[in-house]
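I have placed the structure first, in the form of C-alpha cells, so that the comments after it can refer back to it.
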Amino acid sequence: MKNVLVVYYTQSGQLLDIAKNITNELETSEDINLSFYKIKLKKNFPFPWPNEEFYDAFPESYLQVPRELTDLDNPLLKKKYDLVILSYQIWFLTPSIPFNSFLKSEAIKPLIENTPVITIIGSRNMWVMAHEKVKKLLYANKADLVGNIVLADRHPNHISVITIYVWMYSGVKKRLWGIFPKPGISDKDIEDAKNFSNPILESVNKSSYKDLQDKLLSIGAINIKPFLLVTDKRAQIIFGKWANYIDKKTKNNPEKRKRLLNYFSFYLTFAIWVIAPIVFIVYLLTYPFTMGNRKKEKDYYSHTKLK
Ligand SMILES: Cc1cc2nc3c(=O)[nH]c(=O)nc-3n(C[C@H](O)[C@H](O)[C@H](O)COP(=O)(O)O)c2cc1C
C-alpha cells in the first residue's frame with residue numbers, strides 16, 4: 001500500500017477542485033491511500049475580500065512573513081509518505097501567505113525530507129518567480145521535487161485582471177455583465193486536469209519519478225508566456241521596494257500603513273494599465289534578439305531543478 005498526501009489551502013474551492021482532479025486516479029486505486037490536509041490559519045483571510053484587506057495582505061505576502069497556523073499536530077502530518085503533493089496559489093507574485101506559512105512551519109521538514117514532492121499551482125497567470133521562491137524552500141528542506149503542474153487563467157492579462165478583481169471582491173465566480181469571460185481557471189481546464197493523474201499514478205506504482213515532469217509537460221502541465229515572465233521579473237523588483245518601504249515606515253502606525261497601501265493600489269493600477277503596455281512594446285521590438293534566451297528560460301522554468 002502506498003501513501004500519498006495532498007496539502008492545500010483554498011478560498012474559493014478552485015484549488016481543491018484542481019487537486020482532486022489531478023489525483024483522481026490515485027483516489028480510485030486500491031493500492032493507494034490518498035489523504036487531504038487543509039492548511040489552517042489561526043486568523044484566516046476573508047473571502048470575499050474587502051478592498052482594504054486585499055491590499056493589506058501585500059507587504060507580508062511579498063516579504064514571505066508567515067502567519068500562525070493551527071492543526072499542525074494533525075496525525076496526517078506525522079506520517080511518512082511515498083509522495084507529497086503541495087498545492088498552492090500565488091498572492092502578489094509570491095506563494096500565498098497560508099501556503100508560505102506552511103512551508104516555513106516546523107511541520108514541513110519531516111514531511112518532505114527525502115520524499116518525492118509534486119507541486120500544483122492554481123493562479124491567475126503570473127506564477128513563475130513565485131515558484132522559484134517555493135523551490136528554494138523545498139530544496140532547503142531536502143525535498144525531492146519531481147513534478148510541477150500549473151493551471152492558470154488563459155485569457156489576456158488585462159481581461160483576467162478585471163475579472164479576478166470582480167471575483168475576489170464578490171466571492172462569486174461568474175461572468176461580469178454577461179460580456180466578460182468567467183474569472184479564474186476555466187471549467188474545462190479544471191476538468192481536464194484529470195489527465196495528469198495517470199502519469200502520477202504510474203510513477204507512484206513504480207516508485208520512479210525520473211521522467212514524470214517530461215510526461216506531464218507533454219500533456220500540457222506548463223505553459224510559459226515569455227512576456228508574462230518578463231513582467232513578473234521586473235515587478236518582483238518594484239514590489240520588493242514597495243513592500244520593504246511599507247513594512248519599515250509603518251511599524252506601529254496603522255494610519256500611515258493604510259495611506260501607503262492606498263498609494264500602492266494606485267501604483268498597481270497605473271503599472272498594469274500604463275507601464276505594462278509600454279514594456280510590451282519594448283518586448284516586441286527586442287523580440288528577435290532574445291529568442292535563444294527565451295528558449296533556455298522556458299526549458300528551465302518548465303522543469304523542477306533549482307539554479
Ligand atoms: C491577495 C491576492 C493576490 C493575488 N495575486 C496573484 C498574482 O500575483 N499572480 C497570480 O497569478 N494570481 C494571483 N492571485 C490569484 C490567486 O493565485 C488564485 O488563483 C485565486 O485567489 C483563487 O485561489 P483559491 O483557490 O484560493 O480560491 C491573487 C489572489 C489574491 C487573493
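All residue numbers refer to positions in the sequence shown, counting from 1. Note that ligands are numbered from 1 as they come in the structure, with each ligand's atoms numbered from 1 the same way. Please read all numbers here as calculations on a predicted model, not as lab measurements.
By the 4.5 Å side-chain criterion applied to Ile, Leu, Val, Met, Phe, Trp and Tyr, F266 is assigned to no cluster and stands alone.
Y62 and D247 share no side-chain donor-acceptor pair at under 3.5 Å. With no hydrogens or angles considered, no side-chain donor-acceptor pair links T304 and N148 at under 3.5 Å.
Look at E60 and R257 and you find a salt bridge, because one of the NZ, NE, NH1 or NH2 atoms lies within 4.0 Å of a carboxylate O, short of that distance.
A distance limit of 4.0 angstrom between heavy atoms and ligand 1 selects the residues T10, Q11, S12, Q14, L15, W49, F54, Q89, I90, W91, F92, L93, G122, S123, R124, N125, M126, I164, W167, M168.
Remark: K109 engages no residue in a salt bridge (Lys or Arg N to Asp or Glu O under 4.0 Å) (not counting sequence neighbours). For Y301, there are no ring pair (Phe, Tyr, Trp, His ring centres under 6.0 Å) partners two or more places apart in sequence or in a different chain.
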